[in-house]
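A quick write-up on the structure given underneath.
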Protein chains: 2
Amino acid sequence: MKSTIPDTGVPITPPATNGGDRQENRHEASLHGEILLRLRDYVVEGNIPDGARVPERQLCEMFGISRTPLREALKVLAAEGLIELLPNRGARIRQLSQRDLEELFDVMAGLESLAGRLACEAITDEEISAIEQLHYEMYGHYLHRDMHGYFQANQRIHESIVAAARNETLKTAYANFAGRIRRVRYSANFARKRQRWAEAMREHEAILDALRRRAASELSDILFQHLRNKRTAAIEHLAESEDDAPAAP
Amino acid sequence: MKSTIPDTGVPITPPATNGGDRQENRHEASLHGEILLRLRDYVVEGNIPDGARVPERQLCEMFGISRTPLREALKVLAAEGLIELLPNRGARIRQLSQRDLEELFDVMAGLESLAGRLACEAITDEEISAIEQLHYEMYGHYLHRDMHGYFQANQRIHESIVAAARNETLKTAYANFAGRIRRVRYSANFARKRQRWAEAMREHEAILDALRRRAASELSDILFQHLRNKRTAAIEHLAESEDDAPAAP
DNA sequence: ATGACAAAAAATGAATGCAAAATGGCCAAC
DNA sequence: GTTGGCCATTTTGCATTCATTTTTTGTCAT
């Protein structure tokens, strides 16, 4: 006797309270902030299908709160681009078109490219060593065909570069866009091509090389191209998986 | 007998309803959307001093609405980084430290750099001609020492490049960050140095040149450096003007 | 059986009400 | 004269309520 959202069939399973907040500062104090964090994770993790309605009432009883703080959180999520609010017709999970995805990847590419440029100005030898460490770790996962481990190491490398840029504003913006993409990744489980793996490894080595030499604009170029290639791979993958799972009505 | 906000001395002058909405889509339909647009402009135009409290109640009677839609708008503005919400202590205009400004300028530099890169892939000859037109116009203002006209032409050039990137996501993000900086510009009236003018003109010519040749990574470098120089000029100017107007308590 | 229309039901948008926290003032004590 | 604590007022946060719009459902006619 599990209650579901009739329209979408989404099971109402209250997710555990968020422990590790990433970009919000002290919003966990107030209720709407707490809700914001939980709801954002809930959406990012893909618990609600693309384009589905996000009924206030259901979410209210799911979180055990009234509509006021929830609506505040919805407005913020809409501003972040995760959902969209149709006047008098409630919130829907924002359906990303292929074009939207391309745009998002390009913006991410621009931000990482910038991060690399800035990192060259401020990164320490220790930080580079740490990234090298991650690189070798990633290489190990690559050899063992461990996609999950590879992904994690890869993500940590990119996060390290962003962190080395010493720019909190950039870091926040990066996290925001990353969240939008992650939602898609959760839904359509990216399986990367073998061939792309080898390429990506080579690119990562070039990244490390440029980083060691603090070659700012060169690193900027490489990072942009690296993300561009990622974009192409992702788009191709999505185009393929559209066969078995056609777009929502 | 003009009522004022006691704490801050902000005169309550209801701004006219916003005619030209820029980044929001159809939010003008609902009341909270309307309020969002008006309040954002009100804040961006610098009508409330840095770090001052933004009392809900005053704003409510100023806009003639209840607190619910206003609070929703405040949450969004906080997410955009224009204000900050202290738990149980209301909203304050976000005070940007010098470091914050530097970070913002760098992110803007990264976004414009990206815009240039992308523009090289898609820009038409007609669009380049239009930018050249703006460039000559700007040159005229430069010769006549018309700072306002120069500024406007300059801004339109940069906006044209962003538009030529054919990326709505980028455009929105760009507008967002530009708004945060514009607030500062309104408060502390940037007066650009003569010497910097000549430099900027040269840089703009280099930009045009790279754009004509569709030299993506070169343009990317130039644009980044151009914005970096802008940043330096702005920071210096702020540092100087701190003498007569010390920081808020 | 199907389509259109109308009424009921539900959901959204905004306003109000209420409890808790913070701000400010006042007085006493040092 | 300054400092510290106590109480009144204000303000914030959230729940509840009211009004309007949308969506569903039921009925009837074709």
Side-chain angles (χ1 to χ4, degrees), chain A residues 3-10 12 14 17 24-39 48 51-79 83-94 249, chain B residues 3-10 12 17 24-39 48 51-79 83-94 248-249:
Chain A
S3 77
T4 58
I5 299 175
D7 190 10
T8 65
V10 179
I12 299 185
T17 173
E24 302 302 321
N25 304 332
R26 53 206 161 282
H27 287 297
E28 71 285 348
S30 49
L31 187 46
H32 70 259
E34 161 94 22
I35 292 302
L36 177 59
L37 295 175
R38 293 215 279 164
L39 187 55
I48 312 178
R53 282 188 63 163
V54 183
E56 298 180 358
R57 222 160 153 320
Q58 304 279 355
L59 290 173
C60 284
E61 51 187 71
M62 170 169 138
F63 289 116
I65 57 164
S66 92
R67 283 175 52 216
T68 309
L70 183 94
R71 284 174 57 82
E72 293 175 346
L74 285 178
K75 299 286 178 301
V76 173
L77 291 187
I83 66 178
E84 56 187 351
L85 299 172
L86 303 140
N88 290 320
R89 298 179 66 217
R92 298 190 104 85
I93 296 295
R94 182 161 168 202
Chain B
S3 77
T4 57
I5 299 176
D7 191 9
T8 66
V10 179
I12 299 186
T17 172
E24 301 301 320
N25 304 332
R26 52 204 160 282
H27 286 297
E28 72 283 351
S30 49
L31 186 47
H32 69 260
E34 160 94 22
I35 292 302
L36 177 59
L37 295 176
R38 293 216 280 163
L39 188 55
I48 313 179
R53 281 187 66 163
V54 184
E56 298 181 358
R57 223 155 154 325
Q58 304 279 356
L59 289 173
C60 283
E61 52 187 70
M62 171 169 138
F63 288 115
I65 56 165
S66 89
R67 284 175 50 213
T68 310
L70 183 93
R71 285 173 57 81
E72 293 174 346
L74 285 178
K75 298 287 177 301
V76 174
L77 292 187
I83 65 178
E84 56 187 351
L85 300 172
L86 303 144
N88 290 321
R89 299 177 69 220
R92 300 188 105 85
I93 297 295
R94 184 164 165 197

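This structure is a prediction, so every number in the text was calculated from the model and none was measured. Below, read A as the first sequence line, B as the second, and so on, with proteins coming before strands; counting in each chain starts at 1.
Residues B/L39 and B/L74 are in side-chain contact: their nearest non-hydrogen atoms beyond the backbone lie under 4.5 Å apart.
Residue A/H32 places no side-chain N or O under 4.0 Å from the OP1 or OP2 atom of D/dG13. Phosphate contact (OP1/OP2 of D/dC14, side-chain N/O of A/T68, threshold under 4.0 Å): absent. Residue B/R71 places at least one side-chain N or O closer than 4.0 Å to OP1 or OP2 of D/dG13. Put simply, B/R67 has no side-chain N or O that comes within less than 4.0 Å of OP1 or OP2 on C/dA14. In this model, the phosphate group of D/dG13 is not approached by any side-chain N or O of B/R89 to a distance below 4.0 Å at OP1 or OP2.
Of the candidate nucleotides D/dA15, C/dA14, C/dA15, D/dA15 has the atom nearest to the side chain of A/L31.
Along DNA chain D, the nucleotide nearest A/P69 and the nucleotide nearest B/A91 are compared for position; the residue whose nucleotide lies closer to the 5' end is B/A91.
For A/E56 and C/dA11, the CD to C1' distance is 8 Å, given to the nearest whole Å. Regarding B/E34, its CD atom lies at a distance of 16 Å from the P atom of C/dG13, rounded to whole Å. Rounded to whole Å, the distance from CD1 on B/I65 to P on C/dT16 is 12 Å.
The distance from atom OG1 of A/T68 to atom CG of A/L31, rounded to the nearest 0.5 Å, is 10.0 Å.
Between B/E56 and B/R67, at least one side-chain N (NZ, or NE/NH1/NH2) sits under 4.0 Å from a carboxylate O, which counts as a salt bridge.
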